[in-house]
Amino acid sequence: MSTATLDKVEAESAASPYITVTFRIRRFNPEVSDEAMWQDFEVEIDPKERVLDGLHKIKWELDGTLTFRRSCAHGICGSDAMRINGKNRLACKTLIKDINPAKPITVEPIKGLTVLKDLVVDMEPFFQAYRDVMPFLITKGNEPTRERLQSAEDRERFDDTTKCILCAACTSSCPVFWNDGQYFGPAAIVNAHRFIFDSRDEAGEQRLEILNDKDGVWRCRTTFNCTDACPRGIEVTKAIQEVKRALITRRF
Ligand code: SF4
Ligand code: F3S
Ligand code: FES
């Protein structure tokens, strides 16, 4: 190689954005052991990349058995919520540079749901609570002959809770949910809120009664973990408080 070429390679190498990051991942494979264990992987990565990119490198280049969910990779589908450095986040929305890559980055499954393998949990109890609050528009009487109109002010009433992507970061960060998993959880309440406060919907009373259950809204202890965890910035605790208030006043 000529001196000029060597200089060019060295200059490119010096300018390389890549650093070595340790990913410390909670592994669990029920076919191998009943116990979960931590496993470290060293990954060359640009700190401007995301935790999801690091997980992809591990799966594609180091250990194809690493199991996790992801789909859109852009914060839309809600499938890659996980506990990163002890906090619930979406792996596809978490930049390496924002979470101190000088130390090992810990990655664990979200809490409160049964781990099936590695970072994959059983989401069924979460989605059952979602289904229980009837997350769809319910109206009575004949089908209208034109679209149902709604004022901008009425639409604004539930705008925040329309942003939910059902990632479960909120519910799986709630200590009440960790306790016994029976609590409906903040995500189900957020999705009930979205319809209870929709002026076109006519099943608000029914949804309120569902959430008046012993495992409903009254179990919320206003811990705010859910609001802190929500990757969509939804004011989850505020929505829960509004549902509680509607239960007391019957005005919504
Ligand atoms: Fe995820 Fe936020 Fe919806 Fe909870 S409220 S499921 S954290 S998007
Ligand atoms: Fe849990 Fe959120 Fe209430 S973390 S206790 S649902 S404020
Ligand atoms: Fe879809 Fe992260 S992969 S939200």
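Just so you know, ligand 1 is whichever comes first in the structure, and atom 1 is the first atom listed for that ligand.
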Asks: May I ask you to identify the nearest protein heavy atom to atom 3 (S) of ligand 3, giving residue, atom name and distance to one decimal place in Å?
Replies: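 Closest protein heavy atom to atom 3 (S) of ligand 3: Ala73 N, 3.1 Å.
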
Asks: For Leu166, take its heavy atoms, then give the atoms of ligand 1 lying under 4.0 Å from any of them.
Replies: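 Matching atoms, with element in brackets: 3 (Fe), 6 (S).
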
Asks: Of the protein's non-hydrogen atoms, which lies at the shortest distance from atom 2 (Fe) of ligand 1, and what is that distance?
Replies: Cys230 SG, 2.3 Å

Asks: I'd like to know if the side chain of Thr67 pairs up with that of Lys117 as donor and acceptor (distance under 3.5 Å, no hydrogens or angles considered).
Replies: yes

Asks: For ligand 1, does Ala168 get within less than 4.0 Å through its side chain, its backbone, both, or neither, judged by non-hydrogen atoms?
Replies: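 Backbone only.
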
Asks: So, are Arg250 and Glu209 salt-bridged, with charged N and O less than 4.0 Å apart?
Replies: yes

Asks: At a 4.0 Å threshold, what atoms of ligand 1 neighbour a non-hydrogen atom of Ala187?
Replies: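 Near Ala187, meaning under 4.0 Å from one of its heavy atoms, ligand 1 has 6 (S).
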
Asks: Does Arg148 form a side chain to side chain donor-acceptor pair (under 3.5 Å) with Thr139? I'd like the steps, not just the answer.
Replies: CA-CA 11 Å; Arg148 295 183 170 89; Thr139 59; 3.0 Å; yes

Asks: Which N, O or S atoms belonging to the protein are less than 2.8 Å from atom 2 (Fe) of ligand 2?
Replies: Cys226 SG

Asks: Quick check for you: to the nearest 0.5 Å, what is the distance between Glu147 atom CD and Leu149 atom CG?
Replies: 5.5 Å

Asks: Mark yes when over 12 heavy atoms from residues, nucleotides or ligands other than Glu124 sit less than 6.0 Å from its CD; otherwise mark no.
Replies: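 Atom CD in Glu124 is crowded, with more than 12 foreign heavy atoms closer than 6.0 Å.
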
Asks: If we only consider heavy atoms of Gly78, is any one of them less than 4.0 Å away from an atom in ligand 1?
Replies: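 Outside the 4.0 Å threshold, so no.
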
Asks: Using atom types as modelled and distance alone, determine if a side-chain donor or acceptor of Asp160 lies under 3.5 Å from a backbone N or O of Glu235.
Replies: yes

Asks: Identify, for atom 4 (S) of ligand 3, the protein heavy atom at the shortest distance, and state residue, atom and that distance.
Replies: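 Going atom by atom, the protein heavy atom closest to atom 4 (S) of ligand 3 ends up being Gly78 N, 3.2 Å.
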
Asks: Nearest 0.5 angstrom please: Leu52 CG to Leu95 CG, how far?
Replies: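 Reported to 0.5 Å precision, the distance equals 11.5 Å.
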
Asks: Please state the angle at atom 1 (Fe) of ligand 3 spanned by SG of Cys77 and SG of Cys72: what is it, rounded to 10 degrees?
Replies: 100°

Asks: Within ligand 1, which atoms have a heavy atom of Arg232 less than 4.0 Å away?
Replies: 8 (S)

Asks: Relative to the heavy atoms of Ile165, which atoms of ligand 1 are at a distance of less than 4.0 Å?
Replies: 3 (Fe), 8 (S)

Asks: For the pair Tyr130 and Phe127, name the ring-plane relationship: parallel under 30°, tilted 30 to 60°, perpendicular over 60°.
Replies: perpendicular

Asks: Consider only side-chain N and O atoms of Arg155 and Ser199, and report whether a donor and an acceptor are under 3.5 Å apart.
Replies: no

Asks: May I ask whether Pro231 has any heavy atom positioned less than 4.0 angstrom from an atom of ligand 1?
Replies: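 In this structure, Pro231 qualifies as a contact of ligand 1 - some heavy atom is under 4.0 Å.
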
Asks: Whether Arg26 engages the ring of Phe28 as a cation-pi pair (distance to the six-membered ring centre under 6.0 angstrom, angle to the ring normal within 45°) should be assessed.
Replies: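 Negative - Arg26 is either too far from the ring of Phe28 or too far off its axis.
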
Asks: Which protein heavy atom lies closest to atom 4 (Fe) of ligand 1, and at what distance to 0.1 Å?
Replies: Cys170 SG, 2.2 Å

Asks: Ignoring hydrogens and geometry beyond distance, is a side-chain donor-acceptor pair present between Ser173 and Asp228 at under 3.5 Å?
Replies: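 On atom types as modelled, these side chains do not qualify, holding no pair under 3.5 Å.
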
Asks: Give a yes or no on whether Lys163 atom NZ has more than 12 heavy-atom contacts from other residues, nucleotides or ligands under 6.0 Å away.
Replies: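 It does: Lys163 NZ has more than 12 such atoms within range.
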
Asks: Main chain of Cys92, side chain of Asp80: is a donor-acceptor contact present, judged purely on distance under 3.5 Å?
Replies: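 Here the side-chain-to-backbone pair exists.
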
Asks: Output the list of atoms in ligand 3 that are nearer than 4.0 Å to some heavy atom of Cys92, sorted by atom number.
Replies: 2 (Fe), 3 (S), 4 (S)

Asks: Would you say Tyr183 touches ligand 2, if touching means a heavy atom closer than 4.0 Å?
Replies: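 The answer is yes, since Tyr183 has a heavy atom less than 4.0 Å from ligand 2.
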
Asks: For the residue pair Trp218 / Asn212, report whether a side-chain donor-acceptor contact shorter than 3.5 Å exists.
Replies: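 Distance-only check passes for Asn212 and Trp218.
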
Asks: Hey, what do you get for CZ (Phe68) to NE2 (His56), rounding to the nearest 0.5 Å?
Replies: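 That separation rounds to 4.5 Å.
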
Asks: Considering non-hydrogen atoms of the protein only, which is the closest contact for atom 3 (Fe) of ligand 1, and what is the distance?
Replies: Cys164 SG, 2.3 Å

Asks: Hey, is Thr171 touching ligand 1 through its side chain, its backbone, both or neither, going by heavy atoms under 4.0 Å?
Replies: neither

Asks: Return the closest protein heavy atom for atom 1 (Fe) of ligand 1 as residue, atom name and distance.
Replies: Cys167 SG, 2.4 Å

Asks: Can you tell me which portion of Ile76 lies within the under-4.0 Å heavy-atom range of ligand 3? Options are side chain, backbone, both, or neither.
Replies: backbone

Asks: Output the list of atoms in ligand 3 that are nearer than 4.0 Å to some heavy atom of Ser71, sorted by atom number.
Replies: 3 (S)

